Amino acid sequence: KLSVAPTLTRSSNVGFIAKMKSSGKNLVVFYGSQTGTGEEFATRLSKDALRFGMKGMIADPEECEMEDLAQLTEVENSMAIFCMATYGEGDPTDNAQEFYDWLQEGSVGLAGLRYAVFGLGNKTYEHYNAMGIYVDKRLEDLGAERIYDLGLGDDDGNMEEDFVTWREQFWPAVCQRFGVQATGDESSIRTYALRIEDFLPEKVFTGEVARLGSFRTQKRPFDSKNPYLAPVKVNRELHKGGERSCMHIEFDITDSKIRYEAGDHVAVFPINDSALVDRIAELLGADLDVVMSLDNLDEEASKKHPFPCPCSYRTAFTHYLDITSVPRTNVLKDIAEYASDPKDKEFLLLLSSATPEGKKEYSEWVMHDHRSIVAILEDLPSLKPPLDHLCELLPRLHARYYSISSSPKLHPTSIHITAVLTRYTTRVGRQVNGVATSWLKGKVPNGPQSMPNVPIYVRKSQFRLPFKPATPVIMVGPGTGLAPFRGFIEERYHAKKEGKVLGETVLFFGCRNRDHDYIYEDELKEYQENQTLSAVYVAFSREQAEKQYVQHIMMQKKEKIWELLEQGGHIYVCGDARYMAPDVQKVIRTIISEHGDKTHQEADDYIKKLQSKGRYACDVWS
Ligand code: FMN
């Protein structure tokens, strides 16, 4: 579903089996990953293998001939692990799409293939961990031998703990199956070697995503490896009052030949706050302007560097490394050795241990208080890891995705987004600023001659209006959930102007207070006046004693909703995945069962049918 045109050509003609054979590896860990967590887990499992006398490598299924899996049995004592994330409505990640298609079609026999699966998901989504569950089951159906039970990680709970707990049981199962024993060596093993020399300035990366110089000379086509530096032509505040800020941003794509459709997502590559980067250097007494390269010690590895190298430490910490998320336990474990105070060291080892006390402390002190690496360095002053080791351990800074809030029919040369500034204070009084939104906040044009640039690319989605404008449409989008519907409404407006007959177009919106965060109010009024929108129902949650949300006003309009559904209407939900989307679905179920005279089960089946026909679609996040 989230597939984009393949951007990676297969990196080499040598298949992964040949690579394993030539480099003496017997474990391959595949990852289906969009924002890097699955890839991180794969790397950790592959590293673990050494402790059990195995040799591991990670592999991107998009870059492998997955048909070769059947030949893994040719490698002695071999095993494949799959770390698979789920997206959207139970879909694979972009890089696992082909593998998924192949598994579905495939009738290849996988007898003798030994495998295990760890799924990454989030319980707030209806299709919880669908990908991990599917791959685990499908491989078994194709004859492969499951070495250990499927593990499921829940990003809404504590994904790190789920992974660590699974891994604690997984390796003993492997030992038993393969008749091996742990070496007992727990010391951290470096993957990359630091190289510092006089690099030619033109060979040094300065923040490019992949190709050297791609920010200086932009070349089409633009995609996830080659983003377009889009000028920001508008960045205005949408809130009329209150504490929070919501930005309406317009990216100029005139010169890019980028195309998009209403409902697509745009990815934005942010950079870290320079004050935070400087703070790390200050805490560690390090020089950020040293230019270096981190080179994989394993020359056969497909990943030569953890991020584009050579570059300066400043570039690495600004563009390539995630320094604001909470670090995972393996990071804490590996940096523990750099704490000169034994108490700090012991504490870090406790945080990273799989014991009940360790897990509790990690969940409280790291997760709940949201301590980033910067906060940890501040709070444990004797901890002084070298920059290069931090560079190896910290995860990559990833692109952020926004639902596009414009239609190309009205805005062929610009892409609009609608984003609330993320900013909050933790229990211990530290202010947390969202990386991308804080950075975007400062991207304000200073006249047409001076527009700041933002690296972007478009990711196709399946969130689409019905093919015929005459089909009725119900849109449910509180807060910035309104974003894609602004695009949809513009699209319907355009169709109407072309003389097409519009079906009813109903919007359910929600915000706190009409004087503060009723975003795009004037536009919505205009679209009602020109009859693009047949009705706009707004739930103001904080204008009365009781909280009122979209699901409540939907219940008040249940006859209308049922009528439009019976006419073949489509219903769309966008926004919060945790509470809003499930509550909305419950209301829809109630409406269907009341008006359609159905049991709850029958109403659920009705909803399933709507979903499979593309008549009930969600674009939700948590
Ligand atoms: N998890 C699920 O179990 N089911 C889903 O349908 C699902 N959809 C998601 C959609 C979006 C837009 C996002 C941001 C996350 C979704 N997740 C879902 C949760 C991810 O699978 C989870 O965060 C995972 O850790 C991501 O792994 P990655 O960093 O390797 O891409």
Side-chain angles (χ1 to χ4, degrees), residues 1-4 29-46 58-62 81-97 99-100 117-136 150-164 166 224 263-268 322 325-328 367 394-404 417 419 422 434-436 459-463 477 480-481 483-484 573-578 580-582 585 611 616-622:
K1 173 181 161 185
L2 297 170
S3 65
V4 284
V29 193
F30 294 101
Y31 55 88
S33 181
Q34 200 78 29
T35 59
T37 325
E39 185 179 350
E40 267 177 61
F41 288 176
T43 306
R44 288 162 70 179
L45 288 166
S46 152
I58 60 165
D60 180 346
E62 193 176 41
I81 310 179
F82 298 83
C83 295
M84 308 298 292
T86 300
Y87 274 83
E89 281 159 45
D91 305 310
T93 56
D94 292 350
N95 79 323
Q97 181 70 51
F99 172 49
Y100 177 60
V117 180
F118 185 83
L120 297 90
N122 183 318
K123 275 208 178 114
T124 63
Y125 290 90
E126 185 177 349
H127 304 275
Y128 175 56
N129 255 313
M131 222 44 242
I133 294 167
Y134 175 80
V135 172
D136 183 62
L150 168 68
L152 296 181
D154 175 16
D155 215 7
D156 189 48
N158 185 339
M159 173 76 87
E160 175 66 15
E161 184 175 325
D162 295 337
F163 174 69
V164 167
W166 179 80
S224 63
D264 284 343
H265 298 134
V266 63
V268 170
D322 180 346
S325 301
V326 298
R328 300 199 173 277
M367 300 260 300
L394 292 175
R396 277 291 292 265
L397 178 59
H398 283 278
R400 307 299 200 262
Y401 299 99
Y402 297 91
S403 302
I404 294 177
I417 61 167
T422 307
V435 177
R459 190 168 73 180
K460 292 266 155 240
S461 89
Q462 302 223 317
F463 201 66
T480 49
V573 182
C574 179
D576 171 63
R578 186 189 305 232
M580 188 275 295
Q585 179 155 337
Q611 287 168 334
Y616 183 167
C618 296
D619 176 12
V620 293
W621 56 81
S622 68

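Everything quoted here is computed from the prediction, not taken from an experiment. Both counts, for ligands and for their atoms, begin at 1 and track the order of listing.
Residues passing the salt bridge (Lys or Arg N to Asp or Glu O under 4.0 Å) test with Arg400, sequence neighbours excluded: none. Applying the salt bridge (Lys or Arg N to Asp or Glu O under 4.0 Å) criterion to Arg396, with sequence neighbours excluded, gives no partner residue. Residues forming a side-chain hydrogen bond (donor to acceptor under 3.5 Å, both in side chains) with Asp619 (at least two apart in sequence, or on another chain): His265, Ser403.
Ring orientation note: the planes of Phe99 and Phe30 are close to parallel, at an angle under 30° on the 30°/60° scale.
Tyr31 has its ring centre no less than 6.0 Å from the ring centre of Phe41.
Listed by chain and number, Ser33, Gln34, Thr35, Gly36, Thr37, Gly38, Ala85, Thr86, Tyr87, Gly88, Gly90, Leu120, Gly121, Asn122, Tyr125, His127, Tyr128, Asn129, Asp155, Met159, Val620 each place a non-hydrogen atom less than 4.0 angstrom from ligand 1.
Counting only N and O atoms by type, the side chains of Ser622 and Asn122 include a donor and acceptor under 3.5 Å apart.
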